[in-house]
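The block underneath contains the structure these notes are about, expressed in structure tokens.
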Amino acid sequence: MLDIRWIRENKELTEKRLASRRGGDESKVERLLELDAQRRGLLTEVEQLKAERKSASKQIGALIGQKKKEEAEEKKAATKAIGDQITTLDQQVQETMKEQESILLSLPNLPHESIPDGASEEDNPEIRQWGHKPEYGFDPQSHVDLCDQLSLIDFARGAKLAGSGFLLYTGWGARLERALIQFLLDLHTREHGYTEVSPPFVVSPDCMTGVGQFPKFYDQAYAVQEGEDGETLGKLYLVPTAEAPVANIHREELLKEEQLPIFYCAYSPCFRAEAGAAGVGTRGMIRVHQFDKVEMIKIVPADQGYVELDAMVGNAEKVLQLLDLHYRVILLCTGDMGFASAKTFDIEVWAPGQGSYLEVSSCSNCEDYQSRRMNLRYKTREGKNVFPHLLNGSGTALARLFVALIETHQQEDGSIRIPEPLQPYLGVEVIPAAS
RNA sequence: GGAGGGGUGGCAGAGCGGUUGAAUGCGGCGGUCUUGAAAACCGCUUUUCGAGAAAUCGAAACGGGGGUUCGAAUCCCUCCCCCUCCGCCA
């Protein structure tokens with residue numbers, strides 16, 4: 001959520017930066033400021049009336065104390081009219097605030113000034129690459145074929161159980177998935193200073209609003225319902241990412257500056273309805289309705305957001321380096337950024353069987369956009385209450401990492417080499433070829 | 001799911017229709033005293049919104065929302081959360 005006071009003082013800049021952004025509707029700013037002025041005018045008016053009523057009520061109390069019954073009754077009757085005015089004005093204030101709030105919640109974050117203008121992903125500049133595309137003395141296979149041959153994933157039965165887009169990991173596939181989760185959590189907790197948390201896999205709508213999922217992405221979420229009880233529908237949602245619960249851990253709290261920075265990492269499955277995306281690149285496990293992910297969250301003082309963002313990108317890169325996977329880091333342009341983010345780096349890993357790069361991580365600094373939405377603040381040493389910067393990053397998404405891993409490290413005989421750092425977790429050096 | 005009890009300031013804990021933003025204690029900050037510290041004593045100690053250049057002034061907030069009233073932390077309704085007991089259950 002943007003700061004209404006900031007918008008008030010930077011109207012043109014707000015409109016300009018909103019316009020450059022995907023999902024940004026700068027035409028709403030005009031109405032927003034209209035409501036803001038109206039709200040403040042009404043507030044001044046109603047507060048004055050309330051001050052009058054308050055002192056009248058005190059006088060009535062005093063009169064009753066002095067047994068001056070008649071005077072008290074007269075005063076009561078006179079004050080009643082003020083009360084009615086207050087009720088009317090209060091309603092108007094409520095309505096004005098409600099509309100203002102709903103516009104504010106619908107506006108995306110403003111891109112950081114360093115973000116290049118652009119219309120789509122075509123315009124995202126590449127920041128760096130690591131490693132290089134591996135060469136094979138044979139035709140590298142797609143993960144779909146590898147999974148079939150090695151019985152890592154049973155696509156057909158996954159679909160039988162829950163429909164297209166849900167995976168049934170089997171045998172070495174299931175073990176590899178589990179090994180990766182543990183490898184990632186250990187890496188981030190032991191080497192990168194994150195505290196592991198294991199959150200609920202459903203959250204309240206407030207949490208979804210807090211991170212900016214709602215109201216914009218209602219149609220992407222799975223709402224749950226208790227049994228046949230329609231009343232409970234929409235009170236909880238399956239998490240689309242661990243960011244939803246973890247970033248909200250301290251919602252509506254006032255932290256002390258000494259408590260910061262806070263680093264959390266968490267494993268969770270991620271549920272995405274992907275409404276309207278059916279049929280788009282759906283073969284295999286690149287785009288699915290449920291995938292595993294290890295997420296990193298940072299809550300940091302407002303002046304440290306960007307230093308910490310760079311560090312977080314490094315944390316995600318480390319994963320790919322240890323797994324010996326070629327990747328590139330790109331900076332998202334204004335036209336391709338997520339709703340809540342002020343600056344986002346994506347990490348794309350090379351998948352030889354696909355002949356393309358796959359997004360496995362997205363690290364964003366949302367600045368105070370989310371903390372304002374969830375009313376998370378910290379008290380500085382000087383005693384000021386400010387909104388911290390909230391950062392989130394995948395460290396990393398698993399399904400695509402799985403794809404890149406088996407496609408990259410496949411060998412001619414159909415077996416898959418396991419990179420050394422992962423070997424202790426899987427217990428073998430190679431996933432053997434099908435016999 | 002059933003029956004009770006409870007949610008008040010950083011914490012503990014009063015108040016249960018009137019000048020109470022809220023007693024008291026603890027903690028925290030400042031001061032007096034002291035060579036220094038402790039003790040003792042004195043003062044201060046919430047947040048949000050609005051007006052203002054500022055000093056400051058005004059409003060709101062006692063789990064959330066609504067109602068009664070001239071006036072609500074206090075009464076009524078509703079929702080949420082916590083505790084105890086019973087039932088069910090991995």
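Quick note on labels: first sequence line is chain A, next is B, and so on, each numbered from 1.
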**OP:** Counting heavy atoms from C-beta on, name the nucleotide in B/U46, B/C70, B/G50 closest to the side chain of A/K379.
**Re:** B/U46

**OP:** Please report, rounded to the nearest Å, how far the P atom of B/A51 is from the CG atom of A/L42.
**Re:** 12 Å

**OP:** Under a 3.5 Å limit for both distances, which nucleotide forms a Watson-Crick or G-U wobble pair with B/C29, could you say?
**Re:** B/G43

**OP:** Write down the distance between CD (A/E73) and C1' (B/G18), rounded to a whole number of angstrom.
**Re:** 15 Å

Original post:
Does the separation of the ring centres of A/F214 and A/Y237 fall below 6.0 angstrom?
Top reply: yes

Original post:
In terms of side-chain heavy atoms of A/K54, which of B/G18, B/A60, B/C70 is nearest?
Top reply: B/A60

Subject >> Rounded C1' spacing from B/G6 to B/U20 in Å >> reply: 23 Å

**OP:** Looking at every strand, decide which applies to A/S57 at a 4.0 Å heavy-atom threshold: base, sugar-phosphate, or nothing.
**Re:** base

**OP:** Taking atom P in both B/A72 and B/A59, compute the distance separating them and give it to the nearest angstrom.
**Re:** 13 Å

Subject >> Euclidean distance for C1', B/G4 against B/C89 (whole angstrom) >> reply: 23 Å

**OP:** Report which part of the nucleic acid A/A77 touches: base, sugar-phosphate, or nothing (heavy-atom distance under 4.0 Å, all strands).
**Re:** nothing

Subject >> Shortest side-chain distance from A/K50, nucleotide among B/G50, B/C70, B/A59 >> reply: B/A59

**OP:** Calculate the interatomic distance between A/E252 atom CD and B/A61 atom C1'; express it in whole Å.
**Re:** 14 Å

Original post:
Less than 6.0 Å separating the ring centroids of A/F263 and A/H188?
Top reply: no

Subject >> Under 4.0 angstrom between A/K80 side-chain N/O and B/C70 OP1 or OP2 >> reply: yes

**OP:** Please determine, for B/U24, whether a Watson-Crick or G-U wobble partner exists with both distances under 3.5 Å, and give it or none.
**Re:** B/A12

Original post:
With no hydrogens and no angle check, do the side chains of A/S106 and A/K216 hold a donor and an acceptor under 3.5 Å apart?
Top reply: no

Original post:
Of the nucleotides B/U46, B/G18, B/C49, which has the atom closest to the A/R39 side chain?
Top reply: B/C49

Subject >> Atom pair OH (A/Y169) and CZ (A/R178), whose distance is rounded to the nearest 0.5 Å >> reply: 14.0 Å

Subject >> Any-strand Watson-Crick or G-U partner of B/C62, both distances under 3.5 Å >> reply: none

**OP:** By nearest nucleotide on RNA chain B, pick out whichever of A/N385 and A/Q94 is the more 5' one.
**Re:** A/N385

Original post:
Would you call A/K98 and A/E101 a salt bridge, using N to O less than 4.0 angstrom?
Top reply: no

Original post:
Given the C1' atoms of B/A60 and B/A55, what is the spacing between them in whole Å?
Top reply: 23 Å

Original post:
Between the side chains of A/E52 and A/Q85, is a donor N or O closer than 3.5 angstrom to an acceptor N or O?
Top reply: no

Subject >> P atoms of B/G43 and B/U24, separation to the nearest Å >> reply: 11 Å

**OP:** Would you mind classifying the nucleic acid contact of A/R372 as base, sugar-phosphate or nothing, using non-hydrogen atoms under 4.0 angstrom?
**Re:** nothing

**OP:** Could you give the distance separating B/G66 and B/G52 at their P atoms, to the nearest angstrom?
**Re:** 28 Å

Subject >> Nearest-Å distance once atom C1' is located in both B/A39 and B/U56 >> reply: 39 Å

Original post:
Under the criterion side chain to side chain contact (heavy atoms under 4.5 Å, CB included), which of A/I347, A/T344, A/L331 is the partner of A/V313?
Top reply: A/I347

Original post:
Between B/A61 atom P and A/N375 atom CG, what is the distance in whole Å?
Top reply: 17 Å

**OP:** Find the distance A/R377:CZ to B/G10:P and express it as a whole number of Å.
**Re:** 11 Å

Subject >> Between C1' of B/U47 and CG of A/L376, the distance in whole Å >> reply: 15 Å

Original post:
A/G61 or A/E52: which one's nearest nucleotide on RNA chain B is closer to the 5' end?
Top reply: A/G61

Original post:
Please give, in whole Å, the distance from B/A51 P to A/E45 CD?
Top reply: 14 Å

Original post:
Within the structure shown, what part of the strands sits under 4.0 Å from A/L43 by heavy-atom distance: base, sugar-phosphate, or nothing?
Top reply: sugar-phosphate

Original post:
Across all strands, who's sitting opposite B/G17 as a Watson-Crick or G-U wobble pair, both distances under 3.5 Å?
Top reply: none

**OP:** Scan A/I64 against the nucleic acid and name what it touches under 4.0 Å (heavy atoms): base, sugar-phosphate only, or nothing.
**Re:** base

Original post:
Is a donor-acceptor contact shorter than 3.5 angstrom present between the side chain of A/E47 and the base of B/G58?
Top reply: yes

Original post:
Are A/D292 and A/Y267 close enough that a side-chain donor and a side-chain acceptor fall under 3.5 Å?
Top reply: yes

**OP:** Select base, sugar-phosphate, or nothing to describe what A/A56 touches, counting heavy atoms under 4.0 Å on all strands.
**Re:** nothing

**OP:** Using the C1' atoms only, state how far B/C81 lies from B/G63, rounded to an integer number of Å.
**Re:** 7 Å

Original post:
When the distance from CD1 of A/I4 to P of B/C49 is rounded to whole Å, what number comes out?
Top reply: 12 Å

**OP:** Could you please name the partner base of B/U84, counting Watson-Crick and G-U wobble pairs only when both distances are under 3.5 Å?
**Re:** B/A3

Subject >> Distance test, side-chain N/O of A/R53 to OP1/OP2 of B/U69, below 4.0 Å >> reply: no

Original post:
Does B/C57 have a Watson-Crick or wobble partner in any strand here, with both distances under 3.5 angstrom, and which is it?
Top reply: B/G50

